[in-house]
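Each remark here refers to the structure printed beneath this line.
Heavy-atom basis, side chains included; hydrogens, waters and symmetry copies ignored.
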Amino acid sequence: MRAWLPDARGHRRLFSALSIDALGTGLFLPFSILYFTATTDLTLGRVGLALSIAALVRIPATAGAGMFCDRFGARSTVIVSNLTQAVGFFNYLFVGSFGHLLIAAVVVQLGNSAFWVAYPALVHDVAEGKQQESWFALITTLRHAGLGVGALGASLAVAIGGVDGYITIVAVNALSFTVAAILTRLDSSSGGAHAVAVSAKGGWANTLRDRPFLGFVGLNFGLALLSLAFGLAVPVFLVNTVHLPPWIPGTVLAVNAVLGAVGATPVGAALTGHRRWSSLMASQAIVGGAFVAVLCCAYVPSALGICCALAAVVLVTVGELIQSLIVSPIVNDCATASSRGRYNSLSQMAFSIGDVVTPALMTMLLARGPAATWIPMAALALVDMLGIALLANHLPAMRRRINHPSRTEPDGL
């Protein structure tokens, strides 16, 4: 398994930057709403409204970030995204009104959108287009570890410091993005020749004419919807509908974080040599099984329900790990050096739209009962599998073998 990991020598600063970025995010994420209700006079409804409006900005911002990335390079875009988020979170320290919160939240979303567009392209540059899955596995491990440590640190800060703990969390988060930007800039080796800014020839017209890739973007929306639905709706369902103990949601999230940190490399090593499309199909079969396990929680005794819930989170984490190792390399390989930012922005737009659609959709389904909630999710996983099988005939990047050192692959499935 160790031999499967990439040769990361010379990129210590970059990996440190990504870990510190995740650490800061892990600090703030569990208290992203509670912070404002604890430190301002804003009501929960006003806080939620401001953050929701700001989230809508991600959709056009993602498209703009793609063009910026193609014009100035992935590394420059990551640096700008980190500095932008640092400015936004620094402003969170002084929020006292709805308008100020909205402006600061929009700035944070602009930076966040740019990061998730440029990050996959930067990994491609660092890996020089080779064996990308092993690079994504290593970085996924570091990011999950950073998120987990950050969440634990945030809980301790709030427990010990109260309101001062909330303020410390936001200040450290802003600082973490500044440090990440500096380290990314100092990592002069990141990307080598591939990180050179390229002209955005052809603009969006050429990108939008790539119909097979647009089909893959539609497939990404299905993948995103299932992932977001699990994290958003399952904790609510387990406590409010199934009436499992209130410690279950926290346990589910903890298991997800731990498996994400330790599982990426073993999962990637196990998939090495397999076709990307078949592994992606397997991920959807696993995720579909996770939703079936969630459904079973409603019809079995509590003890078995807890077992089903834990089984579900293990399954969905494995499925998500497979996706995280495969989807970005497929997107990178579909694009050219001059269009990789736009291709990644389209892929990320599926997740941005999912962020907007999923809360309303899952709230509506939860009100209709267990079967009406989880059977459609399992069915969507089957639809995703069909879409993967059909697209594999049209996207050569899906037919490549995982972590294969060569970019040339036979076209047969």
Side-chain angles (χ1 to χ4, degrees), residues 29-34 36-37 42-56 58-59 105 218-256 284-317 319-320 323 349-385 387:
L29 197 59
F31 302 101
S32 54
I33 294 178
L34 290 174
F36 298 108
T37 59
L42 295 171
T43 65
L44 182 63
R46 298 280 282 175
V47 171
L49 177 62
L51 296 179
S52 295
I53 294 172
L56 290 173
R58 287 185 59 186
I59 297 174
L219 173 66
N220 262 359
F221 176 74
L223 304 182
L225 184 61
L226 291 178
S227 179
L228 293 167
F230 191 93
L232 179 71
V234 167
V236 177
F237 173 75
L238 294 178
V239 173
N240 291 351
T241 303
V242 184
H243 305 296
L244 292 181
W247 51 263
I248 283 293
T251 303
V252 164
L253 292 176
V255 171
N256 179 262
Q284 291 310 284
I286 293 169
V287 170
F291 284 111
V292 172
V294 172
L295 177 61
C296 290
C297 292
Y299 303 106
V300 298
S302 293
L304 285 177
I306 292 173
C307 293
C308 288
L310 294 176
V313 72
V314 170
L315 289 172
V316 84
T317 303
E320 288 176 345
Q323 292 168 209
M349 206 172 292
F351 286 84
S352 298
I353 295 172
D355 278 334
V356 175
V357 171
T358 306
L361 174 63
M362 296 313 297
T363 301
M364 179 187 70
L365 292 177
L366 283 169
R368 296 176 180 271
T373 304
W374 305 118
I375 290 177
M377 295 296 104
L380 178 57
L382 291 175
V383 172
D384 287 345
M385 292 174 69

Considering all heavy atoms, the nearest Ala350-Ala224 contact | O-CB, 4.2 Å
Stepwise side chain to side chain contact (heavy atoms under 4.5 Å, CB included) test for Ile375 and Leu295 | CA-CA 8 Å; Ile375 290 177; Leu295 177 61; 3.9 Å; yes
Keeping the roles fixed (side chain from Thr373, backbone from Leu365), state whether a donor-acceptor pair exists under 3.5 Å.
-> yes
Taking all heavy atoms of Ile353 and all of Phe221, pick out the closest pair and write down the distance.
-> CG2-CE1, 3.8 Å
Do the rings of Trp374 and Phe291 sit parallel, tilted or perpendicular, given the 30° and 60° boundaries?
-> parallel
When Leu244, Val294, Leu232 are each screened for side chain to side chain contact (heavy atoms under 4.5 Å, CB included) with Phe237, the one that passes is Val294
Carefully, step by step, assess Val316 and Ile286 under the rule side chain to side chain contact (heavy atoms under 4.5 Å, CB included).
-> CA-CA 7 Å; Val316 84; Ile286 293 169; over 6 Å; no
If every non-hydrogen atom of Ala309 is compared with every non-hydrogen atom of Cys297, which pair is closest and at what distance?
-> N-SG, 3.6 Å
Reference residue Ile248; test side chain to side chain contact (heavy atoms under 4.5 Å, CB included); the match among Ile306, Val313, Leu310 | Ile306
Heavy atoms of Val292 and Ala378 approach each other most closely as CG2-CB, 4.3 Å
For residues Glu320 and Asn256, report the shortest heavy-atom separation together with the two atoms involved.
-> OE1-ND2, 3.9 Å
From CA spacing to verdict: side chain to side chain contact (heavy atoms under 4.5 Å, CB included), Val47, Thr43 = CA-CA 6 Å; Val47 171; Thr43 65; over 6 Å; no
Roughly how far, to the nearest 0.5 Å, is the CD atom of Gln323 from the CG atom of Asn220?
-> 8.5 Å
Backbone N/O of Leu223 and side chain of Ser227: donor-acceptor pair under 3.5 Å = no
